[in-house]
Amino acid sequence: MVEVTGPPPVPAIETVSLTKFYDGTTVRALDGVELSVARGEYVAITGPSGCGKSTLLHLIAALDNPTSGTVRVNGRDLRTIASGTRFRREEIGLVFQLHNLLPRLSAQANVEIAMIGAHTSRRQRVTRARELLAAVELQGMESRRPPQLSGGERQRVAIARALANEPQILLADEPTGNLDSASVTTVIALFERLRAEAGMTILLVTHDPVVARAAHRIVHMRDGKVTDPDAGTVVFDTRGAAPGP
Amino acid sequence: MTFFGLIVRNVMAKRARSVGLALAVALAVMTVVALTVVGDGLQSSAAAILKVGKADFTVAQKGVSDILFSSIDETQVKRIRRTDGVAGTVGVLIETEKIDAANPLFLEIGIPPGDLAAFGVTVVAGRPFTADAAHEMMIGWRAAQNLGIHVGSRFHANGTWNSVVGIYSTGVSFGDLGAMFPLPAVQAYNRVPGSVTLVFVKTAKGVSISSVEKRLNYDNPELTTIRTAAQFGRADRNLVFIRAAALGSTILAIIVGAVVVGNTMLLSLFERTREFGLLRAVGWARTRVVTLVLGEGLILAVVGAALGVGFSYGVTSLLEALPQLRGILHSEYTLTAFWRGLYTGLGMTVLGTLYPALRAAFLAPLQALSHE
Ligand SMILES: Nc1ncnc2c1ncn2[C@@H]1O[C@H](COP(=O)(O)OP(=O)(O)OP(=O)(O)O)[C@@H](O)[C@H]1O
Ligand SMILES: [Mg+2]
């Protein structure tokens with residue numbers, strides 16, 4: 001048991017009866033999702049294709065509005081925030097399922113672009129982008145454009161971009177989908193380091209059992225619902241480390 | 001990478017679009033600058049007539065289409081001379097005549113020899129013509145140089161062969177490019193006995209020039225006083241029309257240009273839907289997206305405006321060289337024309353880019369990202 005003094009800590013991410021119907025469809029992409037992720041926790045979501053994993057991440061990133069229900073990030077209801085843009089820029093790092101790089105820009109510029117408008121100098125942007133690309137083992141490839149990179153390399157550029165503004169929360173949609181096992185190990189190690197050193201909260205969608213096992217907790221989804229009965233509960237012990245493989 | 005660097009990169013990357021837009025801007029700017037420059041040229045060469053007579057102001061007939069069509073008769077001249085505050089007047093009859101292909105609008109001034117000094121004319125060679133000589137003339141030193149004429153030469157002008165008895169200088173190149181004749185000779189040839197075109201007025205010392213002008217305009221409603229080139233429109237309606245045409249075409253160029261720019265921009269931005277979705281998804285503010293698109297437009301506007309000014313220089317030089325227009329069209333490059341070109345370019349681009357920019361900024365990021 002953890003000794004708790006005062007009120008329980010506010011979860012990093014909390015969804016309450018989160019429901020989403022896409023316009024013009026009768027499918028409930030999300031159907032009353034209850035999920036709570038503690039600060040510094042590393043949670044993996046798995047589930048069959050079309051069960052609503054991407055939809056969930058998009059709603060948490062304020063990229064889309066729920067049909068009903070609530071998303072709270074660091075205790076704030078997303079409906080009350082003035083600017084989803086600023087929220088994404090300052091609090092969230094996003095890795096898209098399709099890596100979505102700008103094909104005309106170099107890997108370096110693709111990472112820097114997320115920092116434009118985020119109170120950084122040009123020099124800071126250059127240095128930070130270079131560090132991040134090195135962290136995902138892309139040193140020497142900074143000047144390559146996406147068409148000159150492999151699928152896995154592009155994915156790692158997208159991960160570097162998501163980390164550019166030092167987000168408190170990383171939302172990643174199949175970030176290791178195209179990676180070989182060596183790269184997967186690198187990315188898992190990077191995530192673990194970010195979590196341990198910077199206290200980053202990580203919520204990722206994955207089909208890869210290796211990546212899922214590295215998480216503190218695995219949440220299963222099916223047909224827009226979370227199927228684990230206790231998934232909404234924060235079970236993470238903030239002092240604990242990730243369970244070993 | 002800087003934000004500005006990204007804007008420049010986008011301009012360079014979309015080369016076909018950029019070249020097309022810059023050319024559209026350039027054509028509009030060219031039209032506007034060329035019209036302004038030609039209008040300015042016409043105004044200053046017309047106004048140069050006023051500068052020839054060293055006077056405080058000039059009196060002309062009101063509302064004529066060309067100031068050279070102004071006609072003031074003897075009684076009117078007398079009335080002007082008798083007006084309070086007027087110290088002296090010089091009435092001159094001004095005509096133009098085609099001498100040869102290179103001089104389609106040769107300036108001919110009829111003036112009494114006694115008024116030459118008051119009019120600011122210095123005889124630099126030979127002597128002045130006599131008051132009622134029928135076949136005597138003086139020629140301006142620049143015209144003499146251009147046409148290879150000396151004192152003693154014979155010259156066909158004002159409907160007859162004349163002997164050139166003197167060469168004069170007025171200190172104004174426009175005046176020095178013409179010829180002067182005894183007033184009655186020009187009146188007779190043009191069948192306007194007793195009439196003059198313009199009356200140049202010197203006011204008495206210590207009198208306010210504008211009060212004399214006011215009195216003259218009040219006493220002679222059919223006449224108007226002109227002191228500056230800008231007041232020229234009071235007498236010269238052609239110039240007013242040219243000015244109006246220049247203004248009208250500026251407005252038209254901005255509207256047509258804005259539509260062309262807007263269309264091209266919309267198409268080109270449509271292809272970039274995913275890019276804008278991505279920028280918004282990684283946290284770019286709407287205003288930044290708008291600034292990005294406007295910035296791309298503004299770079300093209302400045303490049304287009306520079307090209308347009310260059311084009312207009314080429315076009316006016318070409319027009320001036322046309323045999324039909326030689327000697328008539330003078331373009332005068334002023335800073336105003338340059339600014340107007342820049343405004344046109346910027347105006348049409350901002351107008352044309354604003355809507356596409358706003359559309360790009362207001363795309364829903366997710367839909368934009370899944371755009372094919
Ligand atoms: N823009 C949209 N319009 C309509 N329906 C949509 C839209 N996006 C997703 N859906 C539907 O919502 C449901 C959930 O989609 P979602 O993308 O969240 O699934 P997913 O779990 O991420 O699947 P995958 O593992 O294949 O990525 C699916 O049935 C999908 O067809
Ligand atoms: Mg998905």
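Here is the naming used below: chain letters follow the sequence lines, and residue numbers restart at 1 for every chain.
Contact of the A/R88 side chain with the B/P365 side chain is registered, since non-hydrogen atoms from C-beta on lie closer than 4.5 Å. Considering only heavy atoms from C-beta on, A/I116 stays 4.5 Å or farther from B/L279 through its side chain. Between A/H58 and B/L369 there is no side-chain heavy-atom pair separated by less than 4.5 Å.
For the atom pair CZ of A/R104 and CE of B/M12, the computed distance is 12.5 Å after rounding to the nearest 0.5 Å. B/L278 contributes atom CG, which lies 5.5 Å from atom CG of A/N100 (distance to the nearest 0.5 angstrom).
Only the side chain of A/F96 comes within contact range of chain B, with at least one heavy atom under 4.5 Å from a heavy atom of that chain. For chain B, the nearby part of A/L94 is the side chain; its heavy atoms alone come within less than 4.5 Å. Both the backbone and the side chain of B/R280 come within less than 4.5 Å of a heavy atom of chain A.
Applying the side-chain contact (heavy atoms from CB on, under 4.5 Å) test between B/M1 and each of A/E112, A/R122, A/R125 identifies A/E112 as the sole match.
A donor-acceptor pair under 3.5 Å is absent between the side-chain atoms of B/W284 and the main chain of A/G117, judged by distance alone.
The nearest pair of heavy atoms linking A/R89 to B/G283 is NH1-O, 2.7 Å. The nearest pair of heavy atoms linking A/A109 to B/R9 is CB-NH1, 4.3 Å.
Atom OH of B/Y313 has 12 or fewer neighbouring heavy atoms from other residues, nucleotides or ligands inside a 6.0 Å radius. When the shell of 6.0 Å around CZ of B/F3 is examined, it contains more than 12 heavy atoms from other residues, nucleotides or ligands. Within a 6.0 Å sphere centred on CZ of B/R288, other residues, nucleotides and ligands contribute more than 12 heavy atoms. Other residues, nucleotides and ligands place more than 12 heavy atoms under 6.0 Å from the CG atom of A/N178. Within 6.0 Å of CZ on B/F270 lie no more than 12 heavy atoms contributed by other residues, nucleotides or ligands.
Of the residues considered (A/L105, A/L101, A/I92), A/L105 shows the highest number of contacts with chain B, using heavy-atom pairs under 4.5 Å.
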